[in-house]
Novice: 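To start, I am sharing the structure in question, which I have written as structure tokens.
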There are 2 protein chains.
Amino acid sequence: MSAPPVRVVLADDERMVRTALRVILDAEPGLEVVGEAATGAQAVSVVRELRPDVVLMDVRMPEIDGIRATEQILSGMETPPRIVVVTTFENDSYVYEALRVGAAGFLLKRAAAEDLVQAVRLVARSDCLLFPSAVRALAAEHARRQPAPPPPWAARLTEREAEVLRLMATGLTNAEIADRLRVGSATAKSHVAAVLAKTDVRDRTQAVIAAYESGFITPR
Amino acid sequence: MSAPPVRVVLADDERMVRTALRVILDAEPGLEVVGEAATGAQAVSVVRELRPDVVLMDVRMPEIDGIRATEQILSGMETPPRIVVVTTFENDSYVYEALRVGAAGFLLKRAAAEDLVQAVRLVARSDCLLFPSAVRALAAEHARRQPAPPPPWAARLTEREAEVLRLMATGLTNAEIADRLRVGSATAKSHVAAVLAKTDVRDRTQAVIAAYESGFITPR
DNA sequence: AGGGCTCTCCCCCGGACGGGGGAGACGGTT
DNA sequence: AACCGTCTCCCCCGTCCGGGGGAGAGCCCT
């Protein structure tokens with residue numbers, strides 16, 4: 001293991017936190033804390049100057065928060081470091097923000113020292129993302145959308161009716177649906193009527209709305 | 001470090017993969033491969049019997065795939081193991097599926113041996129999630145929704161027209177919109193006409209669809 | 001003072017839509 | 001054999017919708 005040490009910069013507005021992190025990381029062979037920053041603005045300039053491999057970035061900081069600092073660092077450098085965002089609460093919307101701007105990882109402040117060390121090592125070596133239980137929230141968030149609560153009426157629709165509803169949701173008229181299905185317009189009409197009855201709505205527009213709202217169809 | 005070893009079960013339909021994983025993991029102090037399974041069904045029963053700490057679960061397996069096996073294990077045991085889902089491609093929709101059913105982590109087969117070991121250690125110790133670059137996709141997916149691409153025609157709508165479109169998207173008729181806005185039905189009608197023209201659609205249903213698809217309004 | 005935009009409201013008209021019936025054909029279940 | 005569900009198609013009828021005109025009041029900007 002004669003690999004060059006992983007160079008780390010700490011960005012946190014509280015001196016005690018920086019010190020604690022430095023003690024933990026410097027005690028590890030192969031890890032080296034090369035710089036610190038107490039504000040987002042400082043973080044940006046320090047990182048530009050020192051070009052570390054990894055940055056531990058606090059979210060809440062004066063002047064510029066960790067998210068925007070991350071954004072600026074990643075967009076302004078040709079070989080940006082891997083940035084691990086650190087926060088106290090896992091249900092922060094910061095999680096999503098951090099991922100959106102391109103952070104490589106996410107870490108809770110209450111993480112164990114070993115987790116911290118392994119997080120830095122992993123992030124430094126690959127583009128792997130290391131996560132605390134915060135990702136549970138992300139996963140839950142995603143799950144909340146994907147398997148949308150099964151539409152109660154969807155099960156009652158026949159194959160044909162479901163097909164008609166999908167066509168309705170593309171903005172087709174009864175005649176166009178009939179053409180598409182190669183059936184008479186009267187048939188399309190009665191299928192539409194069945195859909196309206198089973199979804200318990202008044203007109204095709206409300207049916208389409210119900211389809212979107214229930215997750216029967218999804219945007220894009 | 002006199003902690004009891006982390007007990008691992010491997011589930012993969014290819015013997016060579018299982019062997020490779022076993023070699024890597026058994027070489028690590030503190031890790032112990034206690035069982036293997038070649039199908040999803042086997043995985044479920046083996047895990048129930050051996051009660052390991054961690055399961056490395058392949059996605060593609062005969063009989064029952066890794067996702068459903070994960071689901072069954074997690075729902076059927078009082079203290080289920082942490083399950084790390086393993087796959088070959090990072091852009092699989094399996095990533096989302098795995099998270100949805102409650103997998104603790106996600107790993108690529110081409111991950112380095114050290115990453116694998118650390119993944120197992122991390123997952124065994126905490127409820128942390130360890131991720132490959134696959135999470136990039138998840139993050140991107142999430143980001144793709146949040147700042148929805150601004151509708152091109154939304155800017156051209158007047159305040160009143162936008163209001164009318166939102167009401168249209170709740171399934172109201174022209175008369176109901178008029179009542180809601182405290183204006184004559186002719187007025188609501190002409191606003192609707194303006195919306196249809198500016199959104200370049202034929203009828204109110206297509207307008208509502210455009211509103212959903214463009215992100216002008218969002219489900220739920 | 002004039003012009004442009006928005007909001008308001010009116011007319012007529014044709015077509016699409018939705019409600020109410022009914023009915024034949026097919027397949028599966030009892 | 002009788003029944004039910006599904007898909008297919010037909011009739012009539014009233015309403016809502018969208019297209020085409022036009023027009024007056026208020027506003028802001030030049």
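Below, read A as the first sequence line, B as the second, and so on, with proteins coming before strands; counting in each chain starts at 1.
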Novice: Anything under 30° is parallel, anything over 60° is perpendicular, the rest tilted; go ahead and classify B:F216 against B:W153.
Specialist: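 The rings of B:F216 and B:W153 sit tilted, inter-plane angle from 30° to 60°.
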Novice: Do B:V164 and B:L181 have side chains that get closer than 4.5 Å, going by heavy atoms?
Specialist: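 Of all side-chain heavy-atom pairs linking B:L181 with B:V164, at least one is under 4.5 Å.
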Novice: Would you grab the first and last nucleotide of DNA chain C (5' to 3') that comes under 4.0 Å of any non-hydrogen atom in chain B?
Specialist: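 The footprint of chain B covers C:dT6 to C:dC10.
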Novice: Report the distance from atom NE2 of A:H191 to atom C1' of D:dG5, rounded to the nearest whole Å.
Specialist: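 Distance check: A:H191 NE2 to D:dG5 C1' gives 13 Å.
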Novice: For the residue pair B:R82 and B:D53, establish whether any side-chain heavy-atom pair is separated by less than 4.5 Å.
Specialist: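 Not in contact.
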Novice: Check this for me: does any side-chain nitrogen of one of A:R180 and A:E163 sit under 4.0 Å from a carboxylate oxygen of the other?
Specialist: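 Between A:E163 and A:R180 there is no salt bridge, as every charged N stays at least 4.0 Å from the carboxylate O atoms.
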Novice: Scan residues 178-189 of chain A against DNA chain D and write down, sorted by residue number, each residue with any heavy atom closer than 4.0 Å; if none is found, say none.
Specialist: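 The stretch gives A:V183, A:G184, A:A186, A:T187 as the residues lying under 4.0 Å from the strand, ordered by number.
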Novice: Answer yes or no: is there a side-chain heavy-atom contact under 4.5 Å between A:I177 and A:R204?
Specialist: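 With C-beta onward as the side chain, the pair touches.
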Novice: Side chains of A:M77 and A:V47: closer than 4.5 Å at any heavy-atom pair?
Specialist: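 Of all side-chain heavy-atom pairs linking A:V47 with A:M77, at least one is under 4.5 Å.
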Novice: I need the CD-P distance between B:E176 and D:dT15, as an integer number of Å.
Specialist: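 One finds 16 Å between P of D:dT15 and CD of B:E176, rounded.
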Novice: Can A:E14 and A:R60 be said to form a salt bridge (charged side-chain N to carboxylate O under 4.0 Å, His left out), step by step?
Specialist: CA-CA 10 Å; A:E14 289 181 40; A:R60 301 170 197 243; over 6 Å; no
Novice: Enumerate, in order of first residue number, the stems that involve DNA chain C, defined as 3 or more consecutive Watson-Crick or G-U wobble pairs with both distances under 3.5 Å.
Specialist: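 DNA chain C stems, ordered by first number: C:1-30 with D:1-30.
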Novice: State, yes or no, whether a side-chain contact exists between A:I209 and B:V208 at a heavy-atom distance under 4.5 Å.
Specialist: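 Counting from C-beta outward, A:I209 and B:V208 do come under 4.5 Å.
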Novice: Considering only heavy atoms from C-beta outward, does the side chain of B:Q72 approach that of B:I64 to under 4.5 Å?
Specialist: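 Yes - at least one pair of side-chain heavy atoms lies under 4.5 Å apart.
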Novice: Is the shortest distance from a Lys or Arg side-chain nitrogen in B:E32 or B:R7 to a carboxylate oxygen in the other one below 4.0 Å?
Specialist: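 Looking at B:E32 and B:R7, the cut-off is not met.
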Novice: In the structure I gave you, are the side-chain heavy atoms of B:I217 and B:L165 within less than 4.5 Å of one another anywhere?
Specialist: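 In short, these two side chains do not touch, never coming nearer than 4.5 Å.
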Novice: With the side chain counted from C-beta on, respond yes when A:T187 and A:H191 share a heavy-atom pair under 4.5 Å apart, and no when they do not.
Specialist: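 Answer yes - side chains close enough.
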Novice: Answer yes when B:E176 and A:R202 have at least one side-chain N-carboxylate O distance shorter than 4.0 Å, and no when they do not.
Specialist: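 Judged by the 4.0 Å cut-off on N to carboxylate O distance, B:E176 and A:R202 do form a salt bridge.
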Novice: Would you tabulate the nitrogen or oxygen pairs shorter than 3.5 Å linking the protein to nucleotides 28-30 of chain D?
Specialist:
none

Novice: Say you draw a straight line from CZ of B:R22 to CG of B:L31; how long is it, rounded to the nearest 0.5 Å?
Specialist: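 One finds 12.5 Å between CZ of B:R22 and CG of B:L31.
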Novice: Where along residues 193-206 of chain A does a heavy atom come under 4.0 Å from DNA chain C, residue by residue in number order?
Specialist: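 Contacts with DNA chain C under 4.0 Å: A:L196, A:R202, A:D203, A:R204.
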Novice: Under the rule for salt bridge (Lys or Arg N to Asp or Glu O under 4.0 Å), what residues qualify as partners of B:K198, not counting sequence neighbours?
Specialist: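 Once residues adjacent in sequence are excluded, the partners of B:K198 under the salt bridge (Lys or Arg N to Asp or Glu O under 4.0 Å) criterion are B:E161.
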Novice: I need the CD-C1' distance between A:E159 and D:dT8, as an integer number of Å.
Specialist: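 Atom CD in A:E159 sits about 17 Å away from atom C1' in D:dT8.
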